[in-house]
Asker: 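Got a structure for you, written out below as structure tokens; questions coming shortly.
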Amino acid sequence: MDINANTLSSLFTGINVAFNKGKASPKTYLDLVAMRTVSSTSQETYAWLDDLPGIREWLGDRVLHTLSRSRYTVVNRKFEETITIPREKIEDDTYGIFSPLAARLGEQTALFPDQLVFELLSDGTSERCYDGQYFFDTDHKAYNESKEEISVSNFTAGDGDAWYLLDCGQVLKPMLFQERTSFDLQSLTAPNDPYVFMKDEYVYGVRGRCNAGFGLWQLAHCSRSTLNKANYISARLSMMNLRKMDGKRMGITPTHLIVPPNLEDPARALLNAELVNGGETNTWARSAELIVSHHI
């Protein structure tokens, strides 16, 4: 096959089609667990309300609530993945074998935000969030029924693998995904390009700028205790009993249980089995949806 502008254009079109097909194929959890934000600079700073105290009867003047003095900054990072196609593969008309590779590149591009978010979630015991505490910590500031400030925990210690309960049913999310530049397919095919000339290869790759961050710690709980009924109930209650500044419960209800692959079996038994212990009704069946992640 002669290599010319039309040949290279057709090649890029085919690779781009395969890339976009792969990008649309995988199931992702990003929009479920994370709030998407659009970045317009190298980093973004978030100022949260420590809490929305709730709607109140209007008696007298309005009660004003200001943003927390805490600031949480997420710095964008740059990522890439690149493949090359030797010139002779195009000359010999065998470039069609690269379509699956391009589709895989698109698939990995679609899955990458999930990877960023879940890897950060798993680092939550050592990475800080907007209140200056570790995202999963034992002394976050909260309130009791009497409107008094107290310390509460969203972390249960233990010797096992970590599992996570998240409330993903609210507008604000436990995590956030910040995008500066979306991942798009780019090519390097000009005959006079130094790399093409020296290597006799054409280059195709993706580039993007983004990062993951923490949302509200109140919407997540990490446990390293054994994944069983008692510890599951305990983690749920610790989240559901969190209170606002006015002493009323925040209305948190865990919606998703996230586990690594080696906890999939006890997780499925807890959430999916209709009967347990030889015929006893499993009252916690379908109380949350299960996510098995390879990134925690």
Side-chain angles (χ1 to χ4, degrees), residues 8-39 42-44 74-87 89-90 94-124 127 161-162 164 166 168 173-189 193 195-196 199 201-215 256 258-264 289-296:
L8 294 176
S9 177
S10 296
L11 174 63
F12 181 77
T13 297
I15 288 179
N16 197 46
V17 168
F19 172 80
N20 287 327
K21 184 177 180 180
K23 192 175 180 180
S25 64
K27 179 179 180 179
T28 64
Y29 298 101
L30 178 67
D31 291 323
L32 187 64
V33 305
M35 177 177 62
R36 284 181 184 261
T37 64
V38 177
S39 176
S42 62
Q43 62 185 41
E44 300 294 336
V74 178
V75 179
N76 290 309
R77 299 158 64 190
K78 184 167 62 176
F79 302 95
E80 63 84 23
E81 186 170 7
T82 308
I83 61 174
T84 62
I85 299 180
R87 180 186 176 104
K89 295 295 184 181
I90 302 174
T94 58
Y95 62 83
I97 65 175
F98 290 93
S99 291
L101 188 60
R104 177 58 176 160
L105 181 60
E107 184 180 51
Q108 290 181 337
T109 299
L111 291 171
F112 181 67
D114 276 26
Q115 177 183 335
L116 271 185
V117 166
F118 284 122
E119 286 181 345
L120 181 61
L121 181 71
S122 67
D123 289 337
E127 295 287 342
D161 294 312
Y164 306 86
L166 272 60
C168 301
K173 302 292 184 180
M175 308 295 291
L176 65 86
F177 176 71
Q178 176 177 291
E179 186 175 63
R180 177 67 179 91
T181 306
S182 62
F183 286 88
D184 293 316
L185 187 63
Q186 302 171 322
S187 65
L188 191 64
T189 59
D193 182 271
Y195 182 90
V196 174
K199 299 292 185 179
E201 295 176 340
Y202 298 112
V203 182
Y204 297 87
V206 293
R207 171 192 182 274
R209 295 174 63 197
C210 58
N211 207 355
F214 294 119
H256 289 79
I258 303 177
V259 301
N262 57 327
L263 290 182
E264 182 176 5
E289 294 184 35
L290 177 62
I291 297 176
V292 181
S293 174
H294 296 276
H295 304 300
I296 61 172

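Just so you know, these numbers use all the heavy atoms, side chains as well, and skip hydrogens, waters and symmetry mates. Bear in mind the structure is a predicted one, so any value in this text is a computation, not a measurement.
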Asker: How far does NZ of K173 sit from CE of M35, to the nearest 0.5 angstrom?
Answerer: 10.0 Å
Asker: So, taking the atom named CZ in R180 and the one named CD in Q43, what distance separates them when rounded to the nearest 0.5 Å?
Answerer: 12.0 Å
Asker: Do the non-hydrogen side-chain atoms of R36 and D31 ever get within less than 4.5 Å of each other?
Answerer: yes
Asker: Could you report the tightest heavy-atom contact between F118 and I258, atom names first, then the distance?
Answerer: CE2-CD1, 3.6 Å
Asker: What's the separation between atom CD1 in I85 and atom OH in Y202, rounded to the nearest 0.5 Å?
Answerer: 10.5 Å
Asker: If you define the side chain from C-beta out and look only at heavy atoms, does anything of L185 sit under 4.5 Å from S187?
Answerer: no
Asker: Supply the atom-to-atom distance H256 NE2 to Y29 OH, rounded to the nearest 0.5 angstrom.
Answerer: 8.5 Å
Asker: If we only count heavy atoms from C-beta on, is the I291 to L32 side-chain gap below 4.5 Å?
Answerer: yes
Asker: Is there a side chain to side chain contact (heavy atoms under 4.5 Å, CB included) between L176 and F214 once you walk through the steps?
Answerer: CA-CA 6 Å; L176 65 86; F214 294 119; over 6 Å; no
Asker: Looking at G22 and S25, what are the two nearest heavy atoms and their distance?
Answerer: O-OG, 2.7 Å
Asker: Of T84, T189, L105, T82, which is the lone residue that meets side chain to side chain contact (heavy atoms under 4.5 Å, CB included) with Y204?
Answerer: T189
Asker: Determine the minimum heavy-atom distance between A162 and P260, stating which atoms define it.
Answerer: O-CD, 3.4 Å
Asker: Can you find a pair of side-chain heavy atoms, one from L101 and one from I83, that are under 4.5 Å apart?
Answerer: yes
Asker: Between the main-chain N or O of V74 and the side-chain N or O of N211, is there a donor-acceptor pair closer than 3.5 Å?
Answerer: no
Asker: If you take all heavy atoms of P261 and V292, which pair is closest and at what distance?
Answerer: CA-CG1, 3.8 Å
Asker: Within a strict 4.5 Å, meaning less than it, do heavy atoms of the E81 and T109 side chains meet?
Answerer: no
Asker: With side chains defined as the heavy atoms from C-beta onward, is the minimum distance between M175 and L120 less than 4.5 Å?
Answerer: yes
Asker: Using the rule given for side chain to side chain contact (heavy atoms under 4.5 Å, CB included), can you reason through R207 versus T181, listing the C-alpha separation, both sets of side-chain angles and the distance that settles it, and then say yes or no?
Answerer: CA-CA 8 Å; R207 171 192 182 274; T181 306; 4.1 Å; yes
Asker: Before you tell me yes or no, could you show the steps for E201 and R87 under side chain to side chain contact (heavy atoms under 4.5 Å, CB included), namely the whole-Å CA-CA distance, both residues' side-chain angles and the distance that decides it to 0.1 Å?
Answerer: CA-CA 5 Å; E201 295 176 340; R87 180 186 176 104; over 6 Å; no
Asker: Look at the rings of F79 and F183 and say which category their plane angle falls in: under 30° parallel, 30 to 60° tilted, over 60° perpendicular.
Answerer: tilted
Asker: So which atom in L111 and which in P26 form the shortest heavy-atom distance, rounded to 0.1 Å?
Answerer: CD2-CB, 3.6 Å
Asker: Calculate, to the nearest 0.5 Å, the distance between atoms OG and CZ belonging to S42 and R77 respectively.
Answerer: 14.5 Å
Asker: Within the distance-only criterion (no hydrogens, no angle test), does the side chain of D114 pair as donor or acceptor with the backbone N or O of T28 below 3.5 angstrom?
Answerer: no
Asker: Would you give the length of the straight line joining atom CG of D184 to atom CG of N20, rounded to the nearest 0.5 angstrom?
Answerer: 9.0 Å
Asker: State, with a plain yes or no, whether a side-chain heavy atom of T37 is found less than 4.5 Å away from one of E44.
Answerer: no
Asker: Within the 4.5 Å heavy-atom criterion, are L290 and V259 side-chain neighbours or not?
Answerer: yes
